[in-house]
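What you see below is based on every heavy atom in this structure, not just the backbone, and it leaves out hydrogens, waters and symmetry mates. To find a chain, count down the sequence lines: A is the first, B the second, and so on, and within it residues start at 1.
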2 protein chains.
Amino acid sequence: MTELDIAEVAQRAGVPASTLRFYEEKGLIASNGRRGLRRQYDAGVLERLALIALGRTAGFSLDEIAQMFVPDGPPRIDRQVLAAKAEELDRSIRELGALRDSLRHAAACSAPSHLECPTFRRLLDGAVSGAVARPAKRAPRSR
Amino acid sequence: MTELDIAEVAQRAGVPASTLRFYEEKGLIASNGRRGLRRQYDAGVLERLALIALGRTAGFSLDEIAQMFVPDGPPRIDRQVLAAKAEELDRSIRELGALRDSLRHAAACSAPSHLECPTFRRLLDGAVSGAVARPAKRAPRSR
DNA sequence: TCTTGACCTCAAGTCGACTTGAAGTCGCAC
DNA sequence: GTGCGACTTCAAGTCGACTTGAGGTCAAGA
């Protein structure tokens, strides 16, 4: 079985080694042993990391993801949970879509101030009631 | 001009008073004076709060929003910035849409383990490369 | 007049996901 | 056998947007 050095895993998975250590501490991944001090990983860790990345993208917290990993055996990913998450995403998507459309309109609108644009105002009135969701927070990953 | 008590503003805007104080400290809003100790607000603050809420939803940070507010005069909301934000939202929306579809599929898929479902695997392979964005973080507001 | 309760200030705490720093240890090339 | 650079640990720091807590003040009702 191929053993990967932490540096290689980091490089292939596109995350810093510190993140791998952090994930290990959280119980999300496990190293296969050490060569000297250095962690060695089984190639399967890459799949796990992909699963973690995917889960994060879908909006699961690291703790939630950790719960899906059962020691030995395939990850227990409840279909209901997936479906619920899909629903949640769907709601966000619709809200964000509406927001995007209004932003586009406001950007193109000829009203002297956005506050005088009816479309923008409608958006604004909606915002008060908290009808819109909190934003798509962008990956702090990209630095 | 109608003067609103902080409690009333909080209630109407749907945010705790502590948030109003915090926003004031950040220079996002201003109170109109005090009655005793208590802040009094001009009714216009509600529009401002709506604008802030909207900005946050669109993914602007409080600092970015603060920059849009010029002392006296309508908020300077650059159309280019709006358009760029719309683009950004659009990208997120497309990515989240793909994710939602795959989650739905995986939820319905008959493969014994998600890892054996081709659609899920495709998703997984995409995730490694960081092709997908970070998630729509839901409002901590809802408690 | 006294009490009450809603506000006030200022500092510190929270949450999640990591990152950073200091000080130490090892494998490997020379 | 020695130097070096990449790893190691552990604690603490960071970021954004607020919240919480302690101790204080004040307007209004009884």
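- Listed by chain and number, the residues in a side chain to side chain donor-acceptor pair (under 3.5 Å) with A:Arg104 are B:Glu87 (sequence neighbours excluded).
- With rounding to whole Å, A:Leu62 atom CG is found 6 Å from C:dA17 atom C1'.
- Taking atom CG of B:Leu28 as the reference point, atom P of D:dG16 lies 14 Å away to the nearest angstrom.
- Between B:Arg56 atom CZ and D:dG16 atom P the separation is 11 Å, expressed in whole Å.
- Summarising the local packing, CZ of B:Arg35 is surrounded by 12 or fewer heavy atoms from other residues, nucleotides or ligands at distances under 6.0 Å.
- Contact annotation for B:Arg34: backbone-only contact, meaning every heavy-atom pair under 4.0 Å involves sugar-phosphate atoms and none involves a base.
- Legend: residues meeting side chain to side chain donor-acceptor pair (under 3.5 Å) with B:Arg38, ordered by chain and number and at least two apart, are absent.
- A search for side chain to side chain donor-acceptor pair (under 3.5 Å) contacts involving A:Arg76 returns nothing, not counting sequence neighbours.
- Per the geometry, CD belonging to A:Glu24 stands 14 Å off C1' belonging to D:dC10, to the nearest Å.
- B:Leu123 and B:Ser102 make their closest contact through CD2-CB, 3.2 Å (heavy atoms, listed as atom of the first residue, atom of the second, distance).
- Distance, B:Asp63 CG to D:dC18 P: 12 Å, rounded to whole Å.
- Nearest to the side-chain atoms of A:Arg21 among the listed nucleotides C:dC18, D:dT8, D:dC18 stands D:dT8.
- As judged by a 4.0 angstrom heavy-atom cut-off over every strand, B:Ala17 is placed among residues making no nucleic acid contact.
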N/O-N/O pairs, protein side and nucleotides 21-23 of chain C side, under 3.5 Å:
none

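- Looking at residues two or more places apart in sequence or on another chain, you find no side chain to side chain donor-acceptor pair (under 3.5 Å) involving B:Asp101.
- Between B:Thr19 and D:dT19, a side-chain N or O to OP1/OP2 separation shorter than 4.0 Å is present.
- Considering only residues two or more places apart in sequence or on other chains, B:Val81 meets the side-chain contact (heavy atoms from CB on, under 4.5 Å) condition with B:Phe60, B:Asp78.
- Among the heavy atoms of the strands lying under 4.0 Å from A:Ser61 are primed sugar atoms or P, OP1, OP2 only; no base atom is included.
- Counting to the nearest Å, the C1' atom of D:dA17 and the CZ atom of B:Phe60 are 17 Å from each other.
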Just list the side-chain donor-acceptor pairs under 3.5 Å for residues 107-116 of chain B, sequence neighbours left out, or say none.
| from | atom 1 | to | atom 2 | distance (Å) |
| --- | --- | --- | --- | --- |
| B:Ser113 | OG | B:Leu115 | N | 3.1 |
| B:His114 | NE2 | A:Ile77 | O | 2.8 |

Dump the pairs, protein N or O against N or O of nucleotides 23-30 of chain D, anything under 3.5 Å, distances to one decimal.
none

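- Here B:Arg39 does not reach the OP1 or OP2 of C:dC7: none of its side-chain N or O atoms lies under 4.0 Å away.
- Whole-Å rounding puts the A:Gln40 CD to C:dG27 P distance at 11 Å.
- Between the CD1 atom of B:Ile29 and the C1' atom of D:dA17 there is a distance of 14 Å, given to the nearest Å.
- Note on A:Tyr23: a side-chain N or O is less than 4.0 Å away from OP1 or OP2 of C:dC18.
- Taking B:Arg94 as the reference, B:Asp90, B:Arg91 meet the side-chain contact (heavy atoms from CB on, under 4.5 Å) condition, with sequence neighbours excluded.
- Of the candidates D:dT19, C:dC18, C:dT19, the closest approach to any side-chain atom of B:Ser18 belongs to D:dT19.
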